[in-house]
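Residue numbers start at 1 and run along the sequence shown. Excluded from the calculations below are hydrogen atoms, water molecules and symmetry mates; all remaining heavy atoms, backbone and side chain alike, are included. Computed from a prediction, not measured in an experiment: that's the story for all the values here.
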Amino acid sequence: MLAALGAVAVGAAGCTVQPAGAGGEGAPPVRIEVPSRTPDAPGGPASPSRTPEAPAKPSPSASAAKPSSSPTPARVLWSPGDDGRDVRELQARLRQIAWIFHGPTGTYDGLTAEAVRGFQGKRGLPETGVTDTVTWQRLLAMTREPGRWELYLMGGQPADPPDPRCMTGRVMCISKSSRTLRWMIDGRTVSTMPVRFGSEYTPTREGVFRVYWKSRHHVSTLYDSPMPYAMFFSGGQAVHYSSDFAARGYAGASHGCVNVRDEDAIARLYEQVRDGDKVVVHW
């Protein structure tokens, strides 16, 4: 009787090891199930027996229902090094809400990436500095469609086709529609640069003129303002460099002159233009 009770007590402990065989190799353990305990959770509620080496697998339907732990990242639209009209719009919209102050230039430069990073951080988005679909949609919701001159606030707009009057001789062909100056010789465009005109109160005159005087270090006696590289073509109106245009772009206007913002470009133009060369100002 005592031997039998001892056997039951040993069995209640969980597992026994059989004596070693003749070769000294141990036999596999024997698992004994006890109704009040489970082998995996001592002291827990009873559970059906399962083999440890072959755990139960979830059904295919359960696996399919499990949500993905890594959501698909937003698609990148533009990143540093990109350029084009879309980048101009991105910069113009960032400018509308005071995240960027230069340009638009059409080139995704370091200042643009910094502005995008700041915009993202302010709105709890990942601060990557690249414009993805989530960032772009958030920006669209906060801004309006930029106008043509917002996109080209500092110049860079494509030049109009030359006016027919510009196709012969040496001509500064100036378009009010595209705000550009083409320097042309015998119908060939030598250089192109953005320009700015007078306001509605001091408009730049239109028509065909001739350069009648050049003044490298000119200062306006009427407005007491510098007019470097001035090439006069109609009374007091001249093509000249403007530091105000370089700083403010089309947010300002001249007093009737044709302003150039690129000092290097107009310096080269000044060296090439001669007295008597034609000037055509057209729409």
E89 and L151: CA distance, side-chain angles, deciding distance, side-chain contact (heavy atoms from CB on, under 4.5 Å) verdict: CA-CA 6 Å; E89 181 174 348; L151 295 175; 4.2 Å; yes
Residue pair D86, W78: steps toward the side-chain contact (heavy atoms from CB on, under 4.5 Å) verdict: CA-CA 9 Å; D86 290 339; W78 310 290; 3.5 Å; yes
Audit row: V190, Q272, side-chain contact (heavy atoms from CB on, under 4.5 Å) steps and yes/no: CA-CA 10 Å; V190 178; Q272 298 174 60; 3.9 Å; yes
From CA spacing to verdict: side-chain contact (heavy atoms from CB on, under 4.5 Å), Y241, N259: CA-CA 6 Å; Y241 171 72; N259 292 162; over 6 Å; no
ring-ring contact (aromatic ring centres under 6.0 Å, His included) assessment of Y223 paired with H255: CA-CA 9 Å; Y223 299 106; H255 293 102; 3.7 Å; yes
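Checked against a 6.0 Å centroid threshold, the rings of H217 and Y229 do not count as neighbours.
Nearest heavy-atom pair, W99 versus K122, reported as atom, atom and distance to 0.1 Å: CZ2-CB, 3.9 Å. Contact between A265 and D262 at its shortest, heavy atoms only, is N-OD1, 3.1 Å. Heavy-atom minimum distance, E145 versus Q96: C-NE2, 4.5 Å. When all heavy atoms of G236 and C257 are compared, the closest pair comes out as O-SG, 3.7 Å. Pairing each heavy atom of F233 with each of V239, the nearest pair is CE2-N, 3.9 Å. The two residues A230 and H218 have their closest heavy-atom pair at CB-CB, 4.0 Å.
A donor-acceptor pair is defined here as one N or O able to donate and one able to accept, closer than 3.5 Å; such a pair exists between the side chain of R210 and the backbone of G276. With hydrogens and angles ignored, the 3.5 Å screen pairs a side-chain donor or acceptor of Q237 with a backbone N or O of R205. Judged by distance alone, with hydrogens and angles left aside, the side-chain atoms of Q157 form a donor-acceptor pair with the main-chain N or O of R179 at under 3.5 Å. The main-chain N or O of T221 is never found under 3.5 Å from a side-chain atom of D224 such that the two would form a donor-acceptor pair. Checking side-chain atoms of T204 against main-chain N and O of G256 turns up a donor-acceptor pair under 3.5 Å. Side-chain atoms of R261 come within 3.5 Å of backbone N or O of M154 as a donor-acceptor pair.
Contact check on R188 versus D186 returns no salt bridge, with no Lys/Arg side-chain nitrogen under 4.0 Å from an Asp/Glu carboxylate oxygen. Under 4.0 Å is where a charged nitrogen must lie from a carboxylate oxygen, and between R196 and D244 at least one such pair does. Between E150 and R88, none of the side-chain N atoms (NZ, or NE/NH1/NH2) sits under 4.0 Å from a carboxylate O, so this pair counts as no salt bridge.
Contact check for V116 versus Y108: side-chain heavy atoms found under the 4.5 Å cut-off. Contact annotation: the side chain of T202 never approaches that of S254 to less than 4.5 Å [non-hydrogen atoms, C-beta and beyond]. Considering only heavy atoms from C-beta on, T192 stays 4.5 Å or farther from L181 through its side chain. Contact of the V273 side chain with the W183 side chain is registered, since non-hydrogen atoms from C-beta on lie closer than 4.5 Å. Contact annotation: the side chain of P80 approaches that of V130 to within less than 4.5 Å [non-hydrogen atoms, C-beta and beyond]. Using a 4.5 Å heavy-atom cutoff, the side chains of H240 and V260 are not in contact. Between R93 and P146, some side-chain heavy-atom pair lies under the 4.5 Å cut-off. Here the side chains of T168 and K278 are in contact, with some heavy-atom distance below 4.5 Å.
Residues D160 and H282 bring no donor and acceptor atom of their side chains to less than 3.5 Å of each other. Using modelled atom types, one finds a donor on one side chain and an acceptor on the other under 3.5 Å when comparing T112 with Q91. Judged by distance alone, the side chains of T107 and T105 never bring a donor and an acceptor atom under 3.5 Å apart.
Other residues, nucleotides and ligands place no more than 12 heavy atoms under 6.0 Å from the CZ atom of R75.
With values rounded to the nearest 0.5 angstrom, M172 atom CE is found 7.5 Å from D277 atom CG. The CD atom of E127 sits 10.5 Å away from atom OG1 of T135, with the distance rounded to the nearest 0.5 Å. Taking CG of D82 as the start and OG1 of T131 as the end, the distance is 9.0 Å to the nearest 0.5 Å. Taken from CZ in F232 to OG in S215, the straight-line distance is 6.0 Å, to the nearest 0.5 Å. Going from atom CG of L139 over to atom CZ of F119 covers 4.5 Å, rounded to the nearest 0.5 Å. Rounding to the nearest 0.5 Å gives a distance of 5.5 Å between CG of D163 and SG of C173.
Each of M184 and M193 belongs to its own hydrophobic cluster when Ile, Leu, Val, Met, Phe, Trp and Tyr are linked at side-chain heavy-atom distances under 4.5 angstrom. Connection of Y250 to V258 is not established within any shared hydrophobic cluster, with ILVMFWY side chains joined at heavy-atom distances below 4.5 Å, either directly or through further cluster members. Linking ILVMFWY side-chain heavy atoms closer than 4.5 Å, directly or via other members, places I100 and L77 in a single hydrophobic cluster. Clustering ILVMFWY residues whenever any of their side-chain heavy atoms sit less than 4.5 angstrom apart, transitively, puts I185 in the very cluster that holds M231. Hydrophobic cluster membership differs between V211 and V280, with clusters built from Ile, Leu, Val, Met, Phe, Trp and Tyr side chains linked at under 4.5 angstrom.
For the pair K214 and Y270, the distance from NZ or CZ to the six-membered ring centre is under 6.0 Å and the angle to the ring normal is within 45 degrees. Taking the ring axis of F101 as reference, the NZ or CZ atom of R95 does not stay both within 45° of it and closer than 6.0 Å to the ring centre.
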